[in-house]
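Order of the sequence lines fixes the chain letters, A, B, ..., with proteins taken first and strands second; residue numbering starts at 1 for each chain.
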2 protein chains.
Amino acid sequence: MSADPLSLVFSALADPTRRDMVARLTVADATVNELAAPYDVTVQAVSKHLKVLEEAGLVSRSREAQRRPVHLEAEIFDLMTAWIERYRRQAEERYRRLDDVLRSMPDDVEPVLPPNPPETGAPT
Amino acid sequence: MSADPLSLVFSALADPTRRDMVARLTVADATVNELAAPYDVTVQAVSKHLKVLEEAGLVSRSREAQRRPVHLEAEIFDLMTAWIERYRRQAEERYRRLDDVLRSMPDDVEPVLPPNPPETGAPT
DNA sequence: CGTCTATTCAACCAGACGGTTGACGAGCGG
DNA sequence: CCGCTCGTCAACCGTCTGGTTGAATAGACG
């Protein structure tokens, strides 16, 4: 098992059908059957997709009669954005630094002024 | 082939080893052997991972003697952030709206599910 | 009770995935 | 030229994945 949350979320969203389900769930909660309707697959397949999304923490299911309304848990997105932003920022900073280095032939790499204060996604 | 860029990027980053390689590449370009060093797998496996990252547009390889320095292409991150932010925003807005609805309690509210085909060519 | 609807579980299948080993091409260096 | 290192290609293997069909469970309803 992948176990680690980031992998689960990324791989959950690596599937177009699952991404589309997530997209639709941003509009409203839906039952499995409702979700399955637009797609050209069986409801069982959609149920599996939902399981994947649920294990990734992207959706939750409640119980309402015999229906299982699916609800989006959008906070999980933050997990990804945190990761992405962190390394994007790091990459950008590196390019700036490289530019500097190329100018002066390095013997000591000096931390260049970060134009963006690391407040948005400052992870550990 | 999944073909669609978003799926390629998400699934490329769904692997911890690949994520780690990307993380390291934000610091500096590296050769395949350098990249492979920390991991407990053969250099061939790493080469495969790089192929995946390259096909996702996350890295590019140049040629320098018999070495193939790997370079991160960080702009691709924007593809993901665009998607994520879009739907996160949409979800947040929906919650606000729902809150509103719950306050006024109309009796003719019905869930409207805009049929969205399982395709990710983000229609804008 | 029996049945209908909504959903999941189980078994199966083809294909992709991550890994291996082994062989091969490209360049440097003796 | 020979040999070495760097990297990829090819074949193979076990596991995961996305899909199927068919059966099972849970609750509403007559």
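B:Arg18 places its CZ atom 8 Å from the P atom of C:dC17, with the value rounded to the nearest Å. Rounding to whole angstrom units, CG of residue B:Asp40 and C1' of C:dG19 are separated by 11 Å. Atom CG of A:Leu53 is separated from atom P of D:dG18 by 10 Å (rounded to the nearest Å). In this structure, B:Asn33 places its CG atom 5 Å from P of D:dG7, rounding to the nearest Å. Put simply, CD on B:Glu54 is 9 Å from P on D:dT8, counting in whole angstrom units. For B:Asp15 and D:dT17, the CG to P distance is 12 Å, given to the nearest whole Å. Remark: P of D:dC13 and NZ of B:Lys48 are 13 Å apart, rounded to the nearest angstrom. Between B:Arg67 atom CZ and D:dT8 atom P there is a gap of 13 Å when expressed in whole angstrom units.
Place A:Val52 and A:Gln66 on DNA chain D by their nearest nucleotides, and A:Val52 ends up nearer the 5' end. Of the two residues contacting DNA chain C, namely A:Thr31 and B:Gln44, the nearest-nucleotide position lying further toward the 5' end is that of A:Thr31.
The existence of a salt bridge linking B:Arg88 and B:Glu85 is confirmed by a sub-4.0 Å separation between a basic side-chain nitrogen and an acidic carboxylate oxygen.
Checked against D:dA26, D:dC6, D:dT20, the side chain of A:Arg63 finds its nearest nucleotide in D:dA26. Listed nucleotides D:dT20, D:dG27, C:dT8 differ in distance to A:Ala45; the shortest reach to its side chain belongs to D:dT20. Taking the side chain of A:Val32 as heavy atoms from C-beta on, and the options C:dT7, C:dT20, D:dG18, the nearest nucleotide is C:dT7.
The side chain of A:His49 places no N or O atom within less than 4.0 Å of a non-bridging phosphate oxygen (OP1 or OP2) of D:dT17. OP1 or OP2 of C:dT20 sits under 4.0 Å from a side-chain N or O of B:Thr42. For C:dT8, one of the phosphate oxygens OP1 or OP2 lies less than 4.0 angstrom from a side-chain nitrogen or oxygen of A:Ser47.
Within the 3.5 Å criterion, the main-chain N or O of A:Leu13 finds a donor-acceptor partner in the side chain of A:Arg19.
Shown are A:Val22, A:Val9, A:Leu8, A:Val59; of these, the side-chain contact (heavy atoms from CB on, under 4.5 Å) with A:Ile76 is made only by A:Val9.
Looking only at side-chain heavy atoms (C-beta outward), B:Ile84 and A:Ile84 come within less than 4.5 Å of each other.
Legend: residues meeting side-chain hydrogen bond (donor to acceptor under 3.5 Å, both in side chains) with A:Thr26, ordered by chain and number and at least two apart, are B:Gln90.
The base of C:dG27 is not paired with the side chain of B:Glu64 by any donor and acceptor separated by under 3.5 Å.
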